[in-house]
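Here the structure comes first, spelled out in structure tokens, and everything after it is commentary.
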Amino acid sequence: MQDHLVHLGWNDRIAAAFQPYAGHGYEPGRVSIVHQHLCRVLTATGDTLAQVTGRFQFEAAGPQDYPAVGDWVVLQTQPDGRGLIHAVLPRGSKFSRKAAGSPATEQVVATNVTTLFLVNALNHDFNLRRLERYLTLAWESGANPVVVLNKADLCAELPERIAACEAIALGAPVHAVSAATGEGLEVLASYLGTGETVALLGSSGAGKSTLLNRLCGGDRQRTQAVRDGDDRGRHTTTHRELVPLPSGGLLIDTPGMRELAMWGGADGFEETFEDVSRLAADCRFRDCRHAHEPGCAVRAAIETGELDEGRLRSFTKLQREVAYQARKSDRPASLAEKARWKQIHKAAKQHDKRGQPL
């Protein structure tokens, strides 16, 4: 029984968190799929459908507290075979994004992940700026990002694109593979040892489902060809799912993300753009915007070719998004921001267009 839990990712940290519930009719389980009102939970003896208790719903602060794919939960099995989820155990890592259509709601994508495969296609959908966005949230999650460049068999500029990714994926390994031919997959398999959890993240058409099928050793997920003409993907995976592998590792497959809005991200931002921040530390002015200020070390690096102009634009854009999201999710900071602008507008009314008091 213990061996089966280890294959689900059980470790000393999770065992310690579950200890207060042990011996009281509860068992640990790991969430593999989340439906609208039910979860499929994997346990040492099999899998079961479960729902959260009424008390859980009452005490939850928001959607982010509910079970997500990858979570370890405290489960109580009922006479009819279904389960009740009494608690979610503390998460070792958490990949989140801002929920679509909501200004300040967190959507938890996957939890307790060891490694994040950031899957990017090497065809016409190759996009460094999108990769920077994924890297920011990946570093923020607490998991280790790995850049997976798929469809290497379709790329005529492979060395150049690998080099471009390595230049921005500071501290993250970059692997070029082909899920179609199997090229390079042995490297990815090395991340999937017993109890290790890897999540596949990327846009539609990147080849995540084909990768999962290859790593599973079978056709677990249906796959589709990308659209003719623009290489944009069709959604194949329609829900997130934790899949145990024959190797003893686990994969979390996710639907393609057409939108990846920032949630949090301050620490991940610093990690992703460490090169820009290091240059900015040498600017003459501490509040330099890296536009036309004299003594700007960032602009000087762009002029010499040390830094790409597009990377600076991405840095500025994501920096604004992270700051905006922090204000929206932090009520005191939001109120302080409103008070500051109120003071600015009040002062503006006291001066005419020439800057003289009225």
Side-chain angles (χ1 to χ4, degrees), residues 7 9 32-33 69-70 93 95 109-128 130-131 133-135 137-138 141 143-155 158 161-162 165-166 169 172-227 231-258 260:
H7 281 79
S32 63
I33 301 176
V69 173
S93 65
F95 185 93
V109 176
T111 69
N112 296 312
V113 172
T114 312
T115 304
L116 289 164
F117 283 173
L118 308 181
V119 185
N120 293 257
L122 281 164
N123 52 10
H124 297 310
D125 202 33
F126 180 74
N127 190 317
L128 292 175
R130 183 171 57 224
L131 176 57
R133 185 175 290 269
Y134 272 97
L135 282 164
L137 291 180
S141 75
N144 298 312
V146 171
V147 178
V148 178
L149 301 177
N150 193 22
K151 306 185 181 182
D153 55 312
L154 303 178
C155 183
L158 187 57
R161 292 198 167 179
I162 292 175
C165 287
E166 290 176 337
V174 177
H175 302 300
V177 305
S178 171
T181 66
E183 176 188 351
L185 296 190
E186 66 281 355
V187 177
L188 301 189
S190 67
Y191 293 95
L192 288 160
T194 300
E196 300 292 319
T197 302
V198 173
L200 296 168
L201 299 167
S203 58
S204 299
K208 298 186 301 299
S209 294
T210 306
L211 271 176
L212 184 140
N213 286 339
R214 280 279 189 173
L215 294 170
C216 284
D219 293 333
R220 183 179 181 93
Q221 292 285 16
R222 184 172 56 88
T223 61
Q224 295 185 43
V226 296
R227 293 197 308 248
D231 283 338
R232 299 305 298 271
R234 300 184 176 100
H235 286 294
T236 299
T237 303
T238 58
H239 60 273
R240 292 180 284 277
E241 181 176 1
L242 176 75
V243 181
L245 302 181
S247 66
L250 303 106
L251 267 178
I252 296 179
D253 193 17
T254 65
M257 297 181 186
R258 297 202 187 280
L260 189 66

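Each residue takes its place number in the sequence, starting with 1. The figures here come from the full heavy-atom set of this structure, side chains too, leaving out hydrogens, waters and symmetry mates. What you see is a predicted model; the values in this text were computed from it and never measured.
Across every non-hydrogen atom of Arg214 and Ala180, the tightest pair is NH2-O, 2.6 Å. Minimum heavy-atom separation, Ala176 to Ile162: CB-CD1, 3.8 Å. Across all non-hydrogen atoms, the minimal contact from Ser178 to Asp153 is OG-OD1, 2.8 Å. What you find for Ala110 and Ala199 is that their closest heavy atoms are CB-CB, 4.5 Å. In this structure, Cys216 and Val243 approach most closely via the heavy-atom pair SG-CG1, 4.0 Å. Across every non-hydrogen atom of Ala179 and Thr210, the tightest pair is CB-CG2, 3.5 Å.
Exactly one of Asn120, Leu118, Leu188, Leu185 qualifies for a side-chain contact (heavy atoms from CB on, under 4.5 Å) with Val148. That residue is Leu188.
The closest side-chain heavy-atom distance from Leu137 to Leu260 is below 4.5 Å. Side-chain contact between Glu183 and Val177 is absent, with no heavy atoms from C-beta onward closer than 4.5 Å. Leu200 has its side chain within reach of Leu251: a pair of non-hydrogen atoms, C-beta onward, lies under 4.5 Å apart. Side-chain contact between Val147 and His175: absent, with no pair of heavy atoms (C-beta onward) separated by less than 4.5 Å. Put simply, the side chain of Leu122 reaches to within 4.5 Å of the side chain of Leu158, judged on heavy atoms. The closest side-chain heavy-atom distance from Ser141 to Leu116 is below 4.5 Å.
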Apply side chain to side chain contact (heavy atoms under 4.5 Å, CB included) to the pair Cys155 and Asn123, showing each step before the final yes or no. CA-CA 6 Å; Cys155 183; Asn123 52 10; over 6 Å; no
Evaluate Leu201 against Tyr134 for side chain to side chain contact (heavy atoms under 4.5 Å, CB included), listing each step before the verdict. CA-CA 8 Å; Leu201 299 167; Tyr134 272 97; 4.1 Å; yes
As a quick check of understanding, evaluate side chain to side chain contact (heavy atoms under 4.5 Å, CB included) for Asp253 and Lys208, giving each step before the final call. CA-CA 7 Å; Asp253 193 17; Lys208 298 186 301 299; 4.0 Å; yes
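Using cut-offs of 30° and 60° for the angle between ring planes, the Phe117 and Tyr191 rings count as perpendicular.
Atom-to-atom distance recorded for Leu192:CG and Leu245:CG is 5.5 Å, nearest 0.5 angstrom. Rounding to the nearest 0.5 Å places SG of Cys165 at 4.5 Å from CG of Leu149. From Ser32, atom OG reaches atom CD of Glu241 across 6.0 Å, with rounding to the nearest 0.5 Å. The distance from atom CG of Leu242 to atom OG1 of Thr197, rounded to the nearest 0.5 Å, is 6.0 Å. To the nearest 0.5 angstrom, Ile33 atom CD1 is 11.5 Å from Ile252 atom CD1. Atom OG1 in Thr194 sits 4.5 Å away from atom NE2 in His7 (nearest 0.5 Å).
The closest donor-acceptor contact from the side chain of Arg130 to the backbone of Asp125 lies under 3.5 Å.
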